[in-house]
Amino acid sequence: MRLDLFCAIALSILAGATPAAAQYVTDFEGLTASAGGTVLTGQDGYYLPAGSVDFRAFTHAGNTLGVVAHPGGGNVFVAGTGPGSPVFARAQRDLTFGPGTWRIGFDVLGLFTGTLPTAQNLGSVSLQPSATAQSFIALARWVDPVTAAAWNADYVWFDTAGTSLTESVANPGFQNLAVNHWYRWETDVDFATNRILQVRLTDLTTLLTASHNPVDRYMTGGALGAPGPTGFRMFAGGGVAGNTLAFDNVGIGAFTVPCADLAVSGSGAPSGTLTFGLTGAAANAPAMLMMSPQTGSTVRRIGVLGTLSLGLGQPIVPAMMGLTDANGDASLDIHVPPGHLPLITLYAQAMTVAVTPPSHGRPSLDFCTTDVVPFLLGQ
């Protein structure tokens, strides 16, 4: 395969072919927000389930919840505070889901704004309708409601027979999480098999990621499955007023299961060097690194040659890595210019492409993508 064909692929990515229709990516920056919170219901398709109180859109600057600034920047986040059982804060949005593998991701921050002790649960995110459709619940629970000093990123999911299980993730990186601290929480699912594929939690300050591949854990219905979901819901509240969950950078969409690995090392500070290492791809294959300020779900059709699915949102900036070696490895050094740069979080994903020459007609391209890796740039 000639490199000029691969460069044509890069140009088509930059040109921005039509993205996949069934996805939802938002940083909430387009919402009407205020320091005291502006009602989210009625904005961007969000509505209020019966018996609930509204989530609100807040400006980071001067917000009355005392939520710390997001490490990746941004001016707006949304949050809900439960007034106490039996009324809870909810925000729901309809979404058309499709077949295949999907990633449900969001930045989340938990804190308590009431009078201790509090009560379970802190809050959650779920696919809807959770009782009858393919769904799981990403469940935030206090480690100790008496102190509300730390929380766990737990799950309500199902075994093979469809029995509901409320469990902690078998990785300590999902437990004892700091309050008033931003994390990225992602869940990969396969709607064809109804399985939970992988769960991940990234500390957005240190960028350390904890991950877990659950065994025999499913969405509603277990191995038999259930009808597809029609939306998702954010939830906050418990038995006592004050349980608060804040959200930012929601990304829900189809993705390609990674077939190679990407690691980032070095320093993103001014005059530093970041090294992006790709491993486990096809040998002697053209490789490209993509970078974006946000995650998401982007599908690109490369003419008649194939379809590329990325876990990044627009804008996407590609950089050539060259050819992989005989082991399927490649690396790229990016030198950070000197001078003052604000500290921001960016996201990287690498891909390689292998060509399959046919006996006649056009060749076909097989795209191999890594998972999305966050990295820091600036100081």
Side-chain angles (χ1 to χ4, degrees), residues 1-20 23 98-103 188-193 195 197-198 200 211 213 253-265 274-292 295-334 347-375:
M1 178 179 177
R2 299 180 314 183
L3 282 178
D4 56 353
L5 174 59
F6 196 62
C7 290
I9 296 172
L11 291 175
S12 68
I13 293 171
L14 282 173
T18 303
Q23 62 174 320
T101 51
W102 280 60
R103 176 165 296 160
D188 295 346
V189 303
D190 186 345
F191 284 116
T193 63
R195 286 182 178 270
L197 300 177
Q198 187 181 73
R200 285 177 307 281
S211 63
N213 296 78
F255 77 102
T256 302
V257 177
C259 52
D261 296 318
L262 180 68
V264 185
S265 60
L274 285 164
T275 299
F276 298 83
L278 170 67
T279 57
N284 304 311
M288 180 182 290
L289 182 74
M290 268 80 62
M291 294 167 286
S292 174
T295 59
S297 179
T298 303
V299 176
R300 294 287 177 261
R301 294 193 180 277
I302 314 302
V304 298
L305 297 176
T307 300
L308 171 64
S309 298
L310 298 175
L312 300 172
Q314 294 290 354
I316 298 172
V317 178
M320 293 296 298
M321 300 183 78
L323 293 174
T324 61
D325 61 19
N327 296 317
D329 302 340
S331 65
L332 176 67
D333 289 340
I334 293 182
Y347 300 90
Q349 184 176 26
M351 77 152 188
T352 56
V353 59
V355 63
T356 304
S359 56
H360 61 278
R362 297 179 182 272
S364 63
L365 297 183
D366 294 322
F367 297 105
C368 172
T369 53
T370 69
D371 212 337
V372 176
V373 178
F375 65 97

#### Entry: Side-chain touch L308/V353, heavy atoms, less than 4.5 angstrom
no

For P315, is there any backbone N or O sitting under 3.5 Å from a side-chain donor or acceptor partner on S292? yes

Residues passing the side-chain hydrogen bond (donor to acceptor under 3.5 Å, both in side chains) test with T275, sequence neighbours excluded, are D333

Heavy atoms of T324 and A281 approach each other most closely as CG2-CB, 4.4 Å

With sequence neighbours left out, the residues meeting side-chain hydrogen bond (donor to acceptor under 3.5 Å, both in side chains) with N213 are Q198

Heavy-atom side-chain contact between T256 and F367 under 4.5 Å: no

Short question: side chain of T370, backbone of P258 - any donor-acceptor pair under 3.5 Å?
no

Practice item. Check whether any side-chain heavy atom of L289 lies under 4.5 Å from a side-chain heavy atom of L278, and answer yes or no. Key: no

For D188, the salt bridge (charged side-chain N to carboxylate O under 4.0 Å, His left out) test, sequence neighbours excluded, returns R103, R200

d(M351 CE, L310 CG) to nearest 0.5 Å is 7.5 Å

What one should report as the nearest heavy-atom pair of G280 and D329 is N-OD1, 3.3 Å

Value for CG (N284) from CG (D325), rounded to nearest 0.5 Å, stands at 8.0 Å

Rounded to the nearest 0.5 Å, the CG atom of D261 sits from the OG1 atom of T279 at a distance of 4.5 Å

When every non-hydrogen atom of A282 is compared with those of T352, the smallest separation belongs to N-OG1, 4.3 Å

Here the pair of heavy atoms bringing F375 nearest to A348 is CE2-CB, 3.8 Å

Minimal heavy-atom distance between M288 and P318, with the atoms involved, is SD-CB, 3.4 Å

Correct closest heavy-atom pair for L312 and M291 would be CD1-N, 4.3 Å

